[in-house]
Asks: 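Handing you a structure now.
This is a predicted model, so every value here is computed, not measured. Atom set for the values below is all heavy atoms of this structure, side chains included, hydrogens, waters and symmetry mates excluded.
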Amino acid sequence: MKKTIPFLLALAMTAALTGCSGSKSADTTTAAAAETITAAAESADKAADADTKTEGDAEAAESKADGETEAAESKADGETEAAADGQAADQTSVRVGSLKGPTSMGLVHLMDEASAGNAANAYEFTMVTAADELLGKVVSGDLDIALVPANVASVLYNKTKGGISVIDINTLGVLDIVASDDSITSIADLKGKTVYMTGKGTTPDYVFHYLLTANGLTENDVTIEFKSEPTEVAAVLKEQPDAIGLLPQPFVTAACAQNEALKIVLDLTNEWQAVQGESGSQMVTGVTVARNEFLKSSPDAVKLFLQEHAASAEYTETNPDETAELIAAKEIVAKAPIAKKALPYCNITCLTGEDMKAALSGYLQVLFDQNPASVGGRLPEDGFYYMP
């Protein structure tokens, strides 16, 4: 694309040249008019010669200016193309995979920036519905970076014999207890009640059992009814006014939207922190991992990703309306209004370094104590945690 400044310069030069030509012709005509009638013919001839010479000089000047302008424009075009090629060459191709859920919500702004050509890296995003799809792509080398459940990252680390590292925590706890019963203000208040939930033998199950034990309850004190899908739990809550459910976001927000009597009575992220104290451990939903081969070959690209991921996560908090629209457009949540209501409860973040290690290691320890298989049979070593 031609630069505007050379083009305006050409117009200015042409206008100046034209003005000079007009001025010289006018001066000649005025001098001819001052001659006597007997010298009119001779003066006219001289004026004609002067005009002819002036026009020739003007055309030559204009031709020279046009040539200089074209040369300047050609040079500018070349410099612009070279700069664009240089920028494209400097960008590293980064293949990023994520799950269709809260772990992708903090990424949608970066996705949007990348599609507009405003990202530092050349990103290729893949969003799937099952963690197994991401695992296969990471193991095969088809993905460089992936946003996965926290325990899955540990399983992947053990499976690949240390082939990946966690570079950030992207989502903290997203589990809530919902009910219409205002008397439930603590985990201990669940004694003697029935709780409907999903994920038998998965992290929500382990987290809930840990919190029950930490609050002095046993499996005999609370009846747990497992359902196969969060929508089934939501259906029970809608049909039974006194039912209690444990759901992840954004299903919590959707369930409450269907039944005005429902509300969040316990945020399990807060309940976790209450029993963990000042250890730094937090309930973690999603983390971001990178293949160590990619970390070694493209360390600068990973650092740029972390900067842009942090900015994207912050954008979700400061621009909820725009983020909700992006989330709906990516079909992570069906409707933007529900996405907007769910965002504050999704605990989207971007924790790195020592804060990441403290939060995640404590969480994985709890899961390991519940069931070693949940983290791949053993706790990951220090190399699991990327320290930029």
Asks: Surrounding CD of Q258 (heavy atoms of other residues, nucleotides or ligands, distance under 6.0 Å), is the total greater than 12?
Replies: yes
Asks: Which value, rounded to the nearest 0.5 Å, describes the distance between Q307 atom CD and C350 atom SG?
Replies: 10.5 Å
Asks: Side-chain contact test, heavy atoms from C-beta onward, threshold under 4.5 Å: evaluate it for L237 versus N259 and give yes or no.
Replies: no
Asks: Tell me whether Q91 contacts the main-chain N or O of A119 through its side chain, where contact means a donor paired with an acceptor under 3.5 Å.
Replies: yes
Asks: Would you please say whether a donor-acceptor pair under 3.5 Å links the side chains of Q249 and T253?
Replies: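 Result is yes, a qualifying pair exists.
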Asks: Verify the neighbour count for atom CD of E322: are there more than 12 heavy atoms of other residues, nucleotides or ligands below 6.0 Å?
Replies: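 Yes, CD of E322 has more than 12 neighbouring heavy atoms, counting only those of other groups under 6.0 Å.
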Asks: Is there any ring pair (Phe, Tyr, Trp, His ring centres under 6.0 Å) pair reaching into residues 241-278, and which pairs are they, with sequence neighbours excluded?
Replies: Y210-W272, W272-Y363
Asks: Any donor and acceptor pair, going by atom type alone, linking the side chain of S154 with main-chain N or O of V375 inside 3.5 Å?
Replies: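 Yes: the side chain of S154 pairs with the backbone of V375.
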Asks: Tell me whether Q365 at atom CD has more than 12 heavy atoms from other residues, nucleotides or ligands lying less than 6.0 Å away.
Replies: yes
Asks: Given 3.5 Å as the limit, does a donor-acceptor pair link the side chain of N270 with the main chain of L266, or not?
Replies: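 A pair under 3.5 Å: no.
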Asks: Taking atom NZ as the centre, does K137 end up with more than 12 heavy-atom neighbours from other residues, nucleotides or ligands that are less than 6.0 angstrom away?
Replies: no
Asks: Once rounded to the nearest 0.5 Å, what's the spacing between atom CD1 of I164 and atom CG of N292?
Replies: 7.0 Å
Asks: Got a donor-acceptor contact below 3.5 angstrom from the D221 side chain to the L217 backbone?
Replies: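 Looks like no, no N/O pair under 3.5 Å.
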Asks: Run the side-chain contact (heavy atoms from CB on, under 4.5 Å) check on V128 and K100 step by step: do they pass?
Replies: CA-CA 6 Å; V128 300; K100 186 176 286 188; over 6 Å; no
Asks: Does one side chain, of D189 or T185, offer a donor that lies under 3.5 Å from an acceptor on the other?
Replies: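 D189 vs T185: donor-acceptor pair found between side chains.
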Asks: Do L190 and L262 sit in the same hydrophobic cluster, where Ile, Leu, Val, Met, Phe, Trp and Tyr count as joined when their side-chain heavy atoms come under 4.5 Å apart?
Replies: no
Asks: For the residue pair Q276 / S281, report whether a side-chain donor-acceptor contact shorter than 3.5 Å exists.
Replies: yes
Asks: Measuring from L360:CG to M283:CE, what's the distance to the nearest 0.5 Å?
Replies: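 Result: 13.5 Å between the selected atoms.
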Asks: Applying the side-chain contact (heavy atoms from CB on, under 4.5 Å) test to V94, which of L143, L304, I145 qualifies?
Replies: I145
Asks: Same cluster for F368 and Y385 if Ile/Leu/Val/Met/Phe/Trp/Tyr side chains link at under 4.5 Å?
Replies: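 F368 clusters together with Y385.
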Asks: Has the side chain of T269 got a donor or acceptor atom that lies under 3.5 Å from a matching backbone atom of G173?
Replies: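 At least one qualifying donor-acceptor pair exists.
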Asks: Provide the full list of ring pair (Phe, Tyr, Trp, His ring centres under 6.0 Å) pairs with a residue in residues 293-328, sequence neighbours left out, each pair given once.
Replies: H109-Y315, F305-H309
Asks: With hydrophobic residues grouped by side-chain heavy-atom distances under 4.5 Å, do L147 and L364 end up in a single group?
Replies: no
Asks: Are a donor atom and an acceptor atom from the side chains of T288 and D168 found within less than 3.5 Å of each other?
Replies: yes
Asks: Side chains of I187 and L268, heavy atoms from C-beta outward: is any pair under 4.5 Å?
Replies: yes
Asks: Under the rule for ring-ring contact (aromatic ring centres under 6.0 Å, His included), what residues qualify as partners of Y386, not counting sequence neighbours?
Replies: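 Counting only residues at least two positions away or on another chain, Y386 forms no ring-ring contact (aromatic ring centres under 6.0 Å, His included).
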Asks: How long is the gap from CG on L172 to CD on Q273, to the nearest 0.5 Å?
Replies: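 Going from CG on L172 over to CD on Q273, the span is 8.0 Å.
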Asks: Does either side chain, that of N151 or that of S374, offer a donor lying less than 3.5 Å from an acceptor on the other one?
Replies: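 Looking only at side-chain atoms, S374 and N151 do not form any donor-acceptor pair under 3.5 Å.
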Asks: Inspect the surroundings of NZ in K357 and state if more than 12 heavy atoms from other residues, nucleotides or ligands are less than 6.0 Å away.
Replies: yes
Asks: Would you say the side chain of S115 lies within less than 4.5 Å of the side chain of D112, judging by non-hydrogen atoms?
Replies: yes
Asks: Look up atom CZ in F208 and atom CD in E271, then write down how far apart they are to the nearest 0.5 Å.
Replies: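 Nearest 0.5 Å value for the CZ-CD distance: 10.5 Å.
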Asks: Compute whether any side-chain donor of one residue and acceptor of the other, for N371 and Y206, lie under 3.5 angstrom apart.
Replies: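 Per modelled atom types, N371 and Y206 side chains form a pair under 3.5 Å.
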Asks: Are side-chain heavy atoms of E219 and H209 found at a separation under 4.5 Å?
Replies: yes
Asks: Could you name each residue pair satisfying ring pair (Phe, Tyr, Trp, His ring centres under 6.0 Å) that touches residues 222-245, not counting sequence neighbours?
Replies: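 Not a single pair qualifies under ring pair (Phe, Tyr, Trp, His ring centres under 6.0 Å).
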Asks: Using the test side-chain hydrogen bond (donor to acceptor under 3.5 Å, both in side chains), find all partners of N121 that sit at least two apart in sequence or belong to another chain.
Replies: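 Checked N121 against side-chain hydrogen bond (donor to acceptor under 3.5 Å, both in side chains); matches are Y123.
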Asks: Per the ring pair (Phe, Tyr, Trp, His ring centres under 6.0 Å) rule, what does the pair list look like for residues 156-200, sequence neighbours excluded?
Replies: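 Matches after skipping sequence neighbours: Y157-F384.
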Asks: Contact between V148 and V287 at the side-chain level, heavy atoms closer than 4.5 Å - yes or no?
Replies: yes
Asks: Same cluster or not: V333 versus L247, using hydrophobic residues (I, L, V, M, F, W, Y) connected whenever any side-chain heavy atoms lie under 4.5 Å apart?
Replies: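 No; tracing contacts between hydrophobic side chains, which count when under 4.5 Å, never links both residues.
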Asks: Below 4.0 angstrom, N of the basic side chain to O of the carboxylate: do R95 and D144 qualify?
Replies: yes
Asks: Any donor and acceptor pair, going by atom type alone, linking the side chain of S312 with main-chain N or O of L110 inside 3.5 Å?
Replies: yes
Asks: Please tell me if the side chains of T285 and N347 come closer than 4.5 Å, counting only heavy atoms from C-beta onward.
Replies: no
Asks: I'd like to know if the side chain of D176 reaches the main chain of V265, judged simply by a donor and an acceptor atom lying under 3.5 Å from each other, with no hydrogens or angles considered.
Replies: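 It does not hold such a pair.
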Asks: Is V96 linked to L99 within one hydrophobic cluster, defined over Ile, Leu, Val, Met, Phe, Trp and Tyr using a side-chain heavy-atom separation of less than 4.5 Å?
Replies: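 No; tracing contacts between hydrophobic side chains, which count when under 4.5 Å, never links both residues.
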Asks: Is there a donor-acceptor pair closer than 3.5 Å between any side-chain N or O of S98 and the backbone N or O of S104?
Replies: no
Asks: Output yes when a side-chain donor or acceptor of T202 lies under 3.5 Å from a complementary backbone atom of G199, and no otherwise.
Replies: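 Answer holds: yes.
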Asks: Could you verify whether a donor N or O on one side chain and an acceptor N or O on the other, from E293 and S297, lie under 3.5 Å apart?
Replies: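 Short answer, no.
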